[in-house]
Amino acid sequence: PSPVNAAKTLSLRIIPYGQNQKLLIVRDISERQMLDAARRDFVANASHELRTPLTVLRGYLDMMEMDAQEQGPLAPWRVPIAEMRNQALRMEALVNDMLKLARLESGRAQMREELLDVPAMVQRAVEDGRRLSDGQHRFEADIDTGLLLYGGETELHSILTNLITNAVRYTPAGGAIRVSWTEVPGQGGRLCVADTGIGIAQQDIPRLTERFYRVDVGRSRASGGTGLGLSIVKHALEAFDGRLDIESEVGVGSTFSCIFPPQRITRRSSKPAAATS
Ligand code: ADP
């Protein structure tokens, strides 16, 4: 139905057909792509528009909560104010994640290409994870300090934050979280976040990166999850031409491995100034 002279996107597939024959299937997917782009634009615009009113609401709720705290436990509206503020925070997290995902889905054209000091970024993300865990988990880091990566800082930051936050969320107190950044000969760079948490059943693993898919909705919501974290990780990794491997066993723990292709990694030069220029 699109105009004849408009640029079209075709999908080609070759499949075996009978003996020694092949079938070429050509599909015009232009319309589907246009609809996808319209959906992404709508989500991005709606999320963007929702941010300002939410910021205003939260600002006032912050002030009201501080006021109620100063007045003590008998302050009128103390509990509803705290609950409204919690819900505003949840909505803010959701709107921010929706915006991030819509931007990532719109393609790699927007990823900035720079040389990333992954060891420093991993170290910072582990520190943030420690703060979030509040002493409830043991953290270990195994970082190849000379290994760097080409790509976008925002995208790598999203990957690290989401995986480490999930490890904290889904690991009971007393468990361990291990983050590693190493080179795998022939494969590229590997960023791993492993935990000794609740684990995931095999049948759920393939669906984890779907938007809003949660194994346990109650647990995810209670811990502040938006249900979009792993979709964000998957799309951010695609921008690096990387892939996500998930291994898990219920009651034992999970390992999320991000594999970055060899052409994206490099070694730190002996002169640090050259490495960052
Ligand atoms: P959420 O905001 O719900 O954590 P995610 O997209 O980040 O959303 O994760 C999707 C679901 O995958 C979670 O709701 C949870 O059920 C499961 N999950 C993610 N990370 C882990 C983990 N480290 N251990 C166990 N389950 C996990």
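Counting starts at 1 for both ligands and their atoms, following the listed order.
Of the N and O atoms on the side chains of Thr255 and Glu247, not one donor lies less than 3.5 Å from an acceptor on the other residue. Checked by atom type, the side-chain pair Gln69/Glu65 shows no donor-acceptor distance below 3.5 Å. Looking at Thr182 and Asp144, their side chains never bring a donor and an acceptor atom within 3.5 Å of each other.
Close approach of ligand 1 to Thr226 (heavy-atom distance below 4.0 Å) involves ligand atoms 2 (O). Atom numbering of ligand 1 starts at 1 in the shown order; those under 4.0 Å from a heavy atom of Gly229 are 5 (P), 6 (O), 7 (O). Within ligand 1, counting atoms from 1 as listed, the ones closer than 4.0 Å to a heavy atom of Arg214 are 3 (O), 14 (O). Atom numbering of ligand 1 starts at 1 in the shown order; those under 4.0 Å from a heavy atom of Gly225 are 2 (O). Ligand 1 places these atoms under 4.0 Å from at least one heavy atom of Ser220: 1 (P), 2 (O), 3 (O), 14 (O). Each of the atoms 2 (O), 4 (O) of ligand 1 lies under 4.0 Å from some heavy atom of Arg169.
Scanning the protein heavy atoms around atom 12 (O) of ligand 1, the nearest turns out to be Leu208 CD2, 3.3 Å. In terms of protein heavy atoms, atom 11 (C) of ligand 1 is closest to Tyr213 O, 3.6 Å. Among protein heavy atoms, atom 4 (O) of ligand 1 sits closest to Tyr170 OH, 2.8 Å. Nearest protein heavy-atom contact of atom 5 (P) of ligand 1 is Leu230 N, 3.6 Å. For atom 19 (C) of ligand 1, the closest non-hydrogen atom of the protein is Asn166 ND2, 3.6 Å. Annotation: atom 26 (N) of ligand 1 to nearest protein heavy atom, Ile200 CG1, 3.3 Å.
Residue Asn162 comes nearest to Val233 through the heavy atom pair CB-CG2, 3.6 Å, listed as atom of the first residue, atom of the second, then distance. Shown here for Gln202 and Pro206, the closest heavy-atom pair between the two residues is O-CD, 3.4 Å.
With a 4.0 Å cut-off on non-hydrogen atoms, Val215 touches ligand 1 through its backbone as well as its side chain. In Asp195, the part holding a heavy atom less than 4.0 Å from any atom of ligand 1 is the side chain. Of all the heavy atoms of Arg219, none lies under 4.0 Å from any atom of ligand 1, so neither backbone nor side chain is involved. Contacts of Phe256 with ligand 1, taken as heavy-atom pairs under 4.0 Å, involve the side chain alone.
The salt bridge (charged side-chain N to carboxylate O under 4.0 Å, His left out) pairs that include a residue from residues 212-231 number zero, where partners must be two or more places apart or lie in different chains.
Under a hydrophobic-cluster definition in which Ile, Leu, Val, Met, Phe, Trp and Tyr are linked whenever side-chain heavy atoms come within less than 4.5 Å, directly or via other members, Ile177 and Ile198 are assigned to different clusters. Cluster membership for Ile25 and Leu10, using ILVMFWY side-chain heavy atoms within less than 4.5 angstrom, is not shared.
Using a 4.0 Å cutoff on heavy atoms, Ser254 counts as a contact of ligand 1.
Counted within 6.0 Å of CE on Met84, heavy atoms from surrounding residues, nucleotides or ligands total more than 12; the atom is thus considered enclosed.
Thr55 contributes a side-chain N or O that, together with a main-chain N or O of Arg51, makes up a donor-acceptor pair within less than 3.5 Å.
Here's the thing with Gly227: one of its N/O atoms is less than 3.5 angstrom from an N/O atom of ligand 1.
Rounding to the nearest 0.5 Å gives a distance of 12.0 Å between CD1 of Ile81 and CD of Glu83.
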